[in-house]
Participant: 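One structure coming up, written as structure tokens, with questions to follow.
Residue numbers start from 1 in every chain, and the chains themselves are labelled A, B, ... in the order their sequence lines are given, proteins ahead of strands. Quick note: numbers below take in every heavy atom, side chains included, and nothing from hydrogens, waters or symmetry partners.
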Amino acid sequence: MIAAGRRRRIGVFFVLLFTITLLITLQVRSPGRRQVGWVGDAVAAALTQLQVGLAHVADTGWRWWSALNEIGQLRVENARLRLQIERQRRELAVGEESTAENKRLRRLLAFQPRANRPTVAARVVSRDPSRWFTTLTIDRGARAGLRTNDVVVTAEGLVGRLMEVYPGAARVLLVSDPRSAIGVLVQRTREASVAEGLGQPTLRLKYLSREVETKPGDVIVTSGLGGSVPRGVRLGTVRAVMRPAGALFQEAEVAPDATLARLEEVLVLLSGTRD
Amino acid sequence: MKKTLLPAVAHGAAILLAALIESAWLSRLAVHGATPDLVLLWVVALGFYRGAEVGAIAGAAAGWLHDLLGGLALGLHALVKMIVGFATGLLRRTIVLEGVVVPALVGVGASVSSDVLLQIIASITGSGPREWAPWMERAAWAACYNGLMSPVVFWVFLRLERRLQRIRGDE
């Protein structure tokens with residue numbers, strides 16, 4: 001009886017192990033190392049809508065929590081001042097938030113003409129929970145005209161590209177994701193290179209010629225080669241240059257200009273060729 | 001609905017809710033880039049209370065959901081969580097999940113094993129880390145975070161299990 005139970009347990013384990021290994025093998029051979037299929041797409045579309053809803057709930061909760069915190073702090077003051085300060089702080093908080101939002105949106109709007117493409121503004125509603133891979137979800141999707149591979153930017157610079165688009169939301173693959181590789185130029189020397197994500201805050205510039213000097217502080221912009229990312233979008237600044245002895249090329253560490261860890265609003269550049 | 005199906009539906013819903021909370025809410029409360037993995041902790045609890053088979057099946061399903069929501073190759077987390085769920089099921093007769101310290105240590109252990117397994121599989125499939133130090137730092141923070149969250153998750157899990165037992169007892 002015990003032996004039969006053990007056999008069944010081990011059987012279940014190996015069937016699952018084989019099935020998942022097969023699934024991973026098929027996945028890593030597909031473009032972008034992910035092939036969800038129409039069923040997965042439908043489930044993901046429904047779940048991202050739920051994520052958008054939960055994000056809105058969290059935003060509301062956070063506003064209430066901030067308000068409660070403020071009230072707690074003001075209790076120590078006398079009644080007259082408490083009322084006055086509470087009103088002023090609330091107004092100030094709302095004002096500062098509006099000012100900050102206004103500033104961000106103005107910078108996004110100012111960026112639009114330079115991008116020379118139709119754009120759609122979107123809010124970040126959730127982030128990849130896995131820690132190791134860097135994707136995020138925005139609250140605009142196919143209904144707003146977004147398509148897979150559309151480029152995502154902020155006024156500071158390049159953020160990533162759309163890897164999956166659902167009716168009301170889309171998933172962004174950040175430039176820092178290990179699966180991301182973008183053709184770039186060193187602005188000062190016009191030296192072409194590839195910026196690869198490392199799954200951490202900095203990127204790695206590869207295949208830089210040793211004959212052209214690249215220095216910390218050099219600005220990195222997109223090369224536009226390949227067509228999906230427009231030319232001249234700012235990516236980041238060189239932080240360090242590595243010249244390993246005996247290597248054919250030099251490499252550089254680049255800090256992205258866009259604050260990828262604290263994105264709230266982004267701009268999606270719609271690609272020139274629409275379906 | 002048949003009462004025999006109720007546990008599967010209830011735990012499925014709990015895992016879905018945990019995955020959504022993790023991605024939409026807890027991702028905002030990251031400490032040094034680390035967020036708690038509620039789905040993993042639920043799978044571990046299922047392995048402990050319902051055995052290795054259930055742990056493995058729940059781990060595979062929960063991991064698939066995790067991959068779908070995280071924009072990853074389907075199967076990475078499914079494989080990791082399936083193995084962790086199965087392993088915890090095998091340990092159920094060795095460890096007693098009582099108090100706060102043991103669940104916390106189990107949470108830390110599950111988190112570390114899960115991250116190590118994930119890195120091994122990601123490296124094999126070519127999407128592993130290029131620099132290990134920052135990843136290890138984040139794994140350490142995630143282990144602490146999961147250790148803190150696991151007594152809470154196991155408590156909620158036990159409440160749900162007792163409720164399910166009462167409903168089945170009325171049958």
Side-chain angles (χ1 to χ4, degrees), chain A residues 5 8-13 16-17 19-28 30 32-37 40 43-44 47-48 50-55 57-58 61-62 125-137 163-164 171-173 177-179 196-201 204 261, chain B residues 16 19-28 30 33-39 51-54 56-57 59-60 63-80 82-83 86 89-90 115 118-119 121-122 124-131 133-135 138-139 141-142:
Chain A
R8 199 181 62 178
R9 205 159 53 213
I10 292 169
V12 167
F13 178 76
L16 285 171
L17 186 68
T19 311
I20 299 171
T21 308
L22 189 69
L23 183 69
I24 294 176
T25 311
L26 294 173
Q27 294 277 304
V28 294
S30 58
R33 300 192 173 182
R34 179 171 158 95
Q35 193 70 50
V36 177
V43 174
L47 293 179
T48 47
L50 285 173
Q51 280 181 311
V52 171
L54 281 174
V57 172
W62 187 251
V125 290
S126 79
R127 288 170 186 281
D128 162 29
S130 74
R131 298 193 295 278
W132 310 123
F133 302 89
T134 35
T135 63
L136 47 85
T137 310
M163 63 183 294
E164 282 166 7
R171 200 177 321 278
V172 182
L173 182 75
D177 190 284
R179 291 169 288 179
E196 279 189 0
L198 301 170
Q200 59 192 65
R204 176 69 48 86
Chain B
L16 177 64
L20 288 171
I21 287 175
E22 218 178 289
S23 62
W25 290 355
L26 296 181
S27 59
R28 294 158 189 244
T35 49
D37 193 343
L38 300 185
V39 175
E53 270 175 74
V54 174
I57 294 167
W64 181 79
L65 181 69
H66 204 148
D67 291 330
L68 196 64
L69 280 173
L72 313 177
L74 297 188
L76 281 181
H77 279 102
L79 187 54
V80 169
M82 190 273 286
I83 294 171
F86 185 79
L90 297 181
D115 280 335
L118 184 66
Q119 293 325 318
I121 297 162
I124 292 169
T125 58
S127 44
R130 287 174 176 81
E131 288 178 22
W135 292 54
R138 268 190 285 179
W141 280 105

Participant: Taking the side chain as every heavy atom from C-beta outward, state whether A:T48 and A:E164 have any atom pair closer than 4.5 Å.
Facilitator: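 A side-chain contact under 4.5 Å is absent here.
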Participant: Tell me, side chain or backbone of B:L90 under 4.5 Å from chain A's heavy atoms, or both, or neither?
Facilitator: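 It is the side chain, since no backbone atom gets that close.
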Participant: Going by the rule side chain to side chain contact (heavy atoms under 4.5 Å, CB included), which residues pair with A:L54 if we only count those two or more places apart in sequence or in a different chain?
Facilitator: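 By the side chain to side chain contact (heavy atoms under 4.5 Å, CB included) rule, A:L54 matches B:L20, B:A24, B:W25.
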Participant: Under a 4.5 Å heavy-atom cut-off, does chain B meet the side chain of A:L173, its backbone, both or neither?
Facilitator: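 Interface part for A:L173: neither.
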Participant: Test your reading of the model: is there a side-chain donor-acceptor pair from A:R171 to the backbone of B:L69, 3.5 Å cut-off?
Facilitator: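 Looks like yes, one N/O pair under 3.5 Å.
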Participant: Who pairs with B:W141 by ring pair (Phe, Tyr, Trp, His ring centres under 6.0 Å), at least two apart in sequence or on another chain?
Facilitator: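 Once residues adjacent in sequence are excluded, the partners of B:W141 under the ring pair (Phe, Tyr, Trp, His ring centres under 6.0 Å) criterion are B:H32.
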Participant: Does any backbone or side-chain atom of A:V12 lie under 4.5 Å from a heavy atom of chain B? Answer side chain, backbone, both or neither.
Facilitator: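 Side chain of A:V12 only, per the 4.5 Å heavy-atom cut-off to chain B.
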